[in-house]
Amino acid sequence: MLKIALLLFAIGAVGGLVLAASVLRGRIAPWALSAAHAALGASGIVVLLFVVLQGAAAGRIVAALALFVAAALGGFYLASLHWRGTIPPKAIVFVHAGVAVTGFLTLLSAVLGL
């Protein structure tokens with residue numbers, strides 16, 4: 001299940017790069033891409049949550065889940081700006097991405113046993 005979560009987050013990250021590129025150009029990204037990015041991230045969080053609730057999750061998996069939840073909270077804020085037609089501050093986009101990438105690398109290290 002952890003590999004499925006990694007795959008969901010990796011595909012979502014590709015969409016996140018396109019979304020971030022739009023913001024850096026001063027444009028609002030397409031809603032469909034934003035919704036797909038959010039759905040992939042939420043799906044990955046649900047998969048990780050199932051792993052953690054089974055009780056056999058290592059500390060790094062729990063840490064990755066916490067980081068992804070924190071990134072999702074930032075994503076909700078970014079989506080609220082998107083909904084209002086406002087281009088979000090670049091700093092918020094970088095923080096959201098940084099937290100998500102940290103979560104991904106933490107999960108990857110747990111899966112690879114590093």
Side-chain angles (χ1 to χ4, degrees):
M1 285 185 46
L2 293 176
K3 290 180 182 178
I4 292 170
L6 272 174
L7 181 63
L8 290 167
F9 289 127
I11 295 168
V14 173
L17 287 172
V18 176
L19 292 168
S22 293
V23 170
L24 293 175
R25 289 186 197 122
R27 299 181 187 146
I28 296 179
W31 255 110
L33 180 58
S34 183
H37 174 72
L40 287 162
S43 298
I45 288 172
V46 168
V47 170
L48 279 185
L49 187 59
F50 280 133
V51 171
V52 169
L53 291 177
Q54 289 176 352
R60 284 185 284 179
I61 295 169
V62 175
L65 175 61
L67 288 163
F68 281 121
V69 168
L73 293 173
F76 286 133
Y77 174 70
L78 291 170
S80 75
L81 294 175
H82 194 168
W83 181 261
R84 290 181 253 163
T86 304
I87 298 170
K90 293 174 185 170
I92 302 295
V93 172
F94 284 124
V95 169
H96 169 72
V99 173
V101 167
T102 303
F104 184 84
L105 293 175
T106 302
L107 181 59
L108 182 63
S109 74
V111 170
L112 296 178
L114 301 176

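One finds the CG atom of Leu105 at 12.0 Å from the CZ atom of Arg60 (value rounded to the nearest 0.5 Å). Atom CG of Leu19 sits about 4.0 Å away from atom CG of Leu33, to the nearest 0.5 Å. One distance of note links CG of Leu48 with CD1 of Ile4; it measures 11.0 Å at 0.5 Å rounding. Here the CD-CG distance, from Gln54 to Leu49, works out to 10.0 Å after rounding to the nearest 0.5 Å.
Annotation for Leu81 and Pro89: closest pair CD1-CD, 3.8 Å, computed over non-hydrogen atoms. Closest non-hydrogen pair, Val99 versus Ala71, comes out as CG1-N, 3.8 Å. The two residues Pro88 and Leu78 have their closest heavy-atom pair at CB-CD2, 3.5 Å. In this structure, Leu8 and Gly44 approach most closely via the heavy-atom pair CD1-N, 3.7 Å.
Phe94 places a side-chain heavy atom less than 4.5 Å from the side chain of Leu24. Counting heavy atoms from C-beta outward, Pro30 and Val18 have side chains that stay 4.5 Å or more apart. Contact check for Ile87 versus Ile28: side-chain heavy atoms found under the 4.5 Å cut-off.
Leu73 and Ile92 fall into different hydrophobic clusters, where Ile, Leu, Val, Met, Phe, Trp and Tyr side chains are chained together by heavy-atom contacts under 4.5 Å. Under a hydrophobic-cluster definition in which Ile, Leu, Val, Met, Phe, Trp and Tyr are linked whenever side-chain heavy atoms come within less than 4.5 Å, directly or via other members, Leu7 and Leu108 are assigned to the same cluster. Under the 4.5 Å side-chain heavy-atom criterion for ILVMFWY residues, no single connected hydrophobic cluster contains both Leu6 and Val14. Val52 and Val46 fall within the same hydrophobic cluster, defined by Ile, Leu, Val, Met, Phe, Trp and Tyr side-chain heavy atoms under 4.5 Å apart, directly or through other members. Under a hydrophobic-cluster definition in which Ile, Leu, Val, Met, Phe, Trp and Tyr are linked whenever side-chain heavy atoms come within less than 4.5 Å, directly or via other members, Val23 and Val95 are assigned to different clusters.
Classified by interplanar angle (parallel below 30°, tilted 30° to 60°, perpendicular above 60°), the ring pair Phe68/Phe9 is parallel. Between His82 and Trp31, the ring planes are parallel. Angles under 30° get that label, and only those over 60° would be called perpendicular.
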Check against side chain to side chain contact (heavy atoms under 4.5 Å, CB included), Thr106 and Ile61
CA-CA 7 Å; Thr106 302; Ile61 295 169; over 6 Å; no
